[in-house]
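From a predicted model like this one, the values you see are computed outputs, not experimental measurements. Residue numbering restarts at 1 for every chain, and letters A, B, ... go by the order of the sequence lines.
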Amino acid sequence: MMSSIALVVFQHSGYGFAVEARYVVAMGTLQNLAHEQQKYIDLSGLLATSTKLAPTASYALRLRRQQDELLLALEQEAQIIELNTDSIWPLPPLMQHAKQHPSIQALAWHHNQLLTLLNVQQLTAL
Amino acid sequence: MTDSKASVEQTLESLLAAKQQGDNKIVDVDERLVKLVIFQLADKYFALPGHSVKEVLSNDIRVNFVPGMHDSVEGVINLRGDIESVLSLNHLLQLPSLEQAQNKESSILLCAGAGITTGIRIDSLLEVVDVAESLLKPPLESLPEHMQPYVAALFSYNDWPIALLSLELLLQAWRTQTQ
């Protein structure tokens, strides 16, 4: 019996990302999810993908960390998927060493696209 | 006639003596050969031991960029269901970074050593040869400082001055550089 894991998948600057669905409290429009005390994550700065300018974010994910919640602004609406665990890979050893942020956790293939899996607990707010 | 015969005998004698001397020379027909994969990066020539190179992958293979990595990581490839990293050595070797993936002669060496498997981007594969071990010379003191930790030997082939790299030491230096 093949096992699977629930992920929330989204695009940023043309690249595919995912976070574990169990850490996603809510997903929807930025307007609906944002509030005054919200801590935001700047994925462009975090992952240095600024060579492709992100258009204005319209959607968001509210993520639960151990101590607090963060809002991750998205360019496009996110999707929940069930991904077969056979499609998920740890980072190759040298990439584990060369990653520029601790939140980069694993890689996965979904519909022939590479996804970078982010560890929500390691994401940092602005 | 006698003189002539003596001359012939002398010549024959010297010939036989020379042959005898030649026979006494030790010809090492069992000299150790090492298989080397010779490649080019920018305008420089390098080699890796054949046992370190598992496969040469053509430039047709799709390299997927992974955001948030050091610039020396080109991306990952899906190789028969396994994910392998693809590294660029240009920064480490202090060579200009060209649009290697767009170079038709470019390829990827799938290398393995010290428990690690990874792809290494090269500009072109030149030769896979067996070279007599005696032709490998220790690195010169004048070798650029940044290359000293991972150049195992120097040799010449086809008039190319070639630096033989140790994969293990190369990856160790790559790790240090990406810290």
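In this structure, A/Gln79 places its CD atom where only 12 or fewer heavy-atom neighbours from other residues, nucleotides or ligands lie under 6.0 Å away. Residue A/Glu82 qualifies as enclosed at atom CD: its count of foreign heavy atoms under 6.0 Å is above 12.
Considering every non-hydrogen atom in both A/Met95 and B/Val73, the closest pair reads CE-CG1, 3.9 Å. Residues A/Trp89 and B/Gly81 approach most closely at CZ2-O, 2.6 Å, considering heavy atoms. Shortest non-hydrogen contact noted between B/Thr178 and A/His97 is OG1-CD2, 3.3 Å. Here the closest heavy-atom approach between residue B/Trp174 and residue A/Leu94 is recorded as CZ3-O, 3.7 Å.
When each of B/Asn64, B/Val66, B/Ile83 is checked for heavy-atom pairs under 4.5 Å with chain A, B/Ile83 comes out on top. Per-residue counts of heavy-atom pairs under 4.5 Å with chain A were compared for B/Gly115, B/Ser85, B/Gly75, B/Ser72; the largest is that of B/Ser85.
Under the 4.5 Å side-chain heavy-atom criterion for Ile, Leu, Val, Met, Phe, Trp and Tyr, A/Trp109 and A/Leu83 are members of distinct hydrophobic clusters. Under the 4.5 Å side-chain contact rule for hydrophobic residues, B/Leu171 and B/Val76 share a cluster. In terms of hydrophobic clustering, with Ile, Leu, Val, Met, Phe, Trp and Tyr side chains grouped at heavy-atom distances under 4.5 Å, B/Phe155 and B/Val129 are assigned to a common cluster. Clustering ILVMFWY residues whenever any of their side-chain heavy atoms sit less than 4.5 angstrom apart, transitively, puts A/Val120 in a cluster other than the one holding A/Ile88. Clustering ILVMFWY residues whenever any of their side-chain heavy atoms sit less than 4.5 angstrom apart, transitively, puts B/Leu164 in a cluster other than the one holding B/Leu109.
Residue contact with chain A, scored on non-hydrogen atoms closer than 4.5 Å, involves the backbone and the side chain of B/Asn78 alike. Only the side chain of A/Leu91 comes within contact range of chain B, with heavy atoms under 4.5 Å apart.
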Pair B/Met69-A/Ile104, side chain to side chain contact (heavy atoms under 4.5 Å, CB included): steps then yes or no: CA-CA 9 Å; B/Met69 290 288 152; A/Ile104 301 168; 3.9 Å; yes
